[in-house]
Amino acid sequence: MKLSSIVVTLILTVGVSYYVYTPLPAAIEEPLKLMLLDALFRAMMQVGDLCQCLGLSHHITVIRGTISGLESLGEIAGGQRGGVRVSDVDFDRVPVRVYEPPAAGGGEGGLRRAVMFYHGGGWALGATKMGSYDVLCRQMSDELNAVVVSVEYRLAPEVHFPVQYEDCLAAAKHFLEPGILGKLSVDPQRVAVSGDSAGGNLAAAVAQQISVDDSVSVKFSVQALIYPVLQGLDLNTPSHQQNHNIPILHRFIMARFWLLYLGVDTSLHPLLLSPSFLHHPSIPPSVRSHLNWTTLLPAKHIKHYKPVGMETGSQEVTGQEGDLLPGLLDVRAAPLLAKQGVLGRTPRAYILTCEYDVLRDDGLMYTRRLQDAGVTVSSRHYDDGFHGALSFAHWPFFFDVGKRMIRGYMDWLQENL
Ligand SMILES: *[C@@H]1O[C@H](CO)[C@@H](O)[C@H](O)[C@H]1NC(C)=O
């Protein structure tokens, strides 16, 4: 080999290693795999940003295209589940994918359990047909002998809040109609609502609305929330501080998803992340108490973290918050802010949280608020978990912790639905 090619190889190796390397907590298993996955996501975002800068296309379009390209490369193995029947239909004009287990062997009188599922992806990415979600829904249908309905709600940037929520709510109301449940042989006493990440946000918000809507006679019997997003007013909770740079949901990406969801200008990014934002005078103290982590979180999760931004007060107020606050204060976008009376009417809950996730404290605070309202909550915390792990349980990106999460989630539904 010529000296020049050795030098080039060396420079490339160092460059790639530098790009891929991210310091990770020791508790995270399979760190190299996670670094590679994170580098891939970062590269996707950067290419997306570049394309958007050049006026070629929206960065989200680029990321969606890359994800589906990668998916078609690695056709997910093990996706076929015996007799599960899949059909794509509309529920009150909202496209849904319905998974039905083989007809025989239901419970009482042949009636089956059911799960309404909302996929994650920051209200902007993901799809029912996406490999990991499709496989998960098939597995649920097969193992639980349940009818699973996965909702193809519309996404940002094409639409923004409250459209995603309204699509999910419309699909839920349609599904819960006694005639529809009857047609699908579903036991009306055993219908779950569930979702991961932004899907967990939608599931929590829809569960609240269904619980208090007297025009809906059949209610969800359980809610299963997987590392849900539950508020956007305080992006400086201990978990946001601790995990701001942990793959794959970096804190600045979470803030970007909020802006996309609310359909507000990206120039508000610094304001949303600013520690003083929570202390804005137009946020009522009662709302602030609903996400006050100094009182809602257990000490072992607060660790050494302190509230930030108190000193600066509202000095940084810029007048732009008028675009942000109405959405962030709306319980349909931020279910953690619901009144206790509403929370108390929501169904029994399963809430999965990960130690290495900016959203950890959203889930833990919701757990506490639901419990204070008298709701039974199974809180499952993964000490070695990171955000999104559940979507990475299959080739080419599989993590043992993702497999364990799926197992735990299935087992809980098996016993509690
Ligand atoms: C949270 O509660 C504590 C104790 O009641 C209080 O001192 C603090 O000011 C509250 N924080 C916010 C942001 O409201």
Side-chain angles (χ1 to χ4, degrees), residues 200-201 204-205 208 225 227-244 249-252 254-255 257-259 261-262 264 268-344 346 349 351 353 355 357-375 377 379 381:
N201 165 281
Q208 289 180 4
L225 314 176
Y227 35 72
V229 195
L230 297 163
Q231 59 86 26
L233 279 177
D234 187 356
L235 302 191
N236 289 287
T237 62
S239 62
H240 271 104
Q241 295 185 50
Q242 174 184 288
N243 304 313
H244 68 277
L249 186 65
H250 299 257
R251 177 171 169 268
F252 84 95
M254 188 60 239
F257 280 134
W258 269 114
L259 299 177
Y261 187 32
L262 299 177
V264 299
L268 293 178
H269 198 253
L271 177 67
L272 183 57
L273 289 170
S274 145
S276 61
F277 185 55
L278 179 63
H279 306 288
H280 191 276
S282 58
I283 301 175
S286 61
V287 165
R288 238 178 261 135
S289 72
H290 292 158
L291 45 78
N292 187 338
W293 53 263
T294 61
T295 56
L296 292 170
L297 281 185
K300 73 168 185 187
H301 286 117
I302 294 180
K303 300 178 188 168
H304 60 281
Y305 294 100
K306 299 261 179 307
V308 287
M310 305 289 277
E311 346 44 69
T312 47
S314 54
Q315 286 153 21
E316 289 173 37
V317 169
T318 57
Q320 292 177 302
E321 59 287 339
D323 293 337
L324 259 182
L325 279 176
L328 293 175
L329 288 169
D330 192 321
V331 292
R332 297 172 303 166
L336 178 63
L337 306 181
K339 294 199 170 73
Q340 175 145 338
V342 173
L343 294 181
T346 64
I351 300 182
T353 49
E355 181 58 26
D357 180 1
V358 289
L359 301 176
R360 177 196 73 188
D361 297 343
D362 284 23
L364 293 174
M365 287 194 278
Y366 202 51
T367 299
R368 171 70 190 277
R369 289 213 60 221
L370 286 173
Q371 285 169 338
D372 288 350
V375 176
V377 184
S379 166
H381 184 71

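Owing to the predicted nature of the structure, the values given are computational and were not obtained by experimental measurement. All ligand and atom numbering here is 1-based and tracks the order in the structure. These values consider heavy atoms only, across backbone and side chains, with no hydrogens, waters or symmetry-generated copies.
- Counting only distance, with no hydrogens or angles, the side chain of R368 and the backbone of T295 share a donor-acceptor pair below 3.5 Å.
- Close approach of ligand 1 to T295 (heavy-atom distance below 4.0 Å) involves ligand atoms 2 (O), 4 (C).
- Protein heavy atom at the shortest distance from atom 9 (O) of ligand 1 is M310 CE, 4.3 Å.
- Side-chain contact check for F277 versus L325: some heavy-atom pair is nearer than 4.5 Å.
- Those atoms of ligand 1 with a heavy atom of T294 less than 4.0 angstrom away are 1 (C), 2 (O), 3 (C).
- Remark: side-chain polar atoms of Q340 are paired, donor with acceptor, to backbone N or O of D372 under 3.5 angstrom.
- For ligand 1, the atoms closer than 4.0 angstrom to any heavy atom of N292 are 1 (C), 2 (O), 3 (C), 8 (C), 10 (C), 11 (N), 12 (C), 14 (O).
- Residues P335 and L230 meet the side-chain proximity criterion, which asks for heavy atoms closer than 4.5 Å.
- Protein heavy atoms are found inside the 4.0 Å sphere centred on atom 14 (O) of ligand 1.
- For H244, the NE2 atom counts as loosely surrounded, since its 6.0 Å shell holds 12 or fewer non-hydrogen atoms of other residues, nucleotides or ligands.
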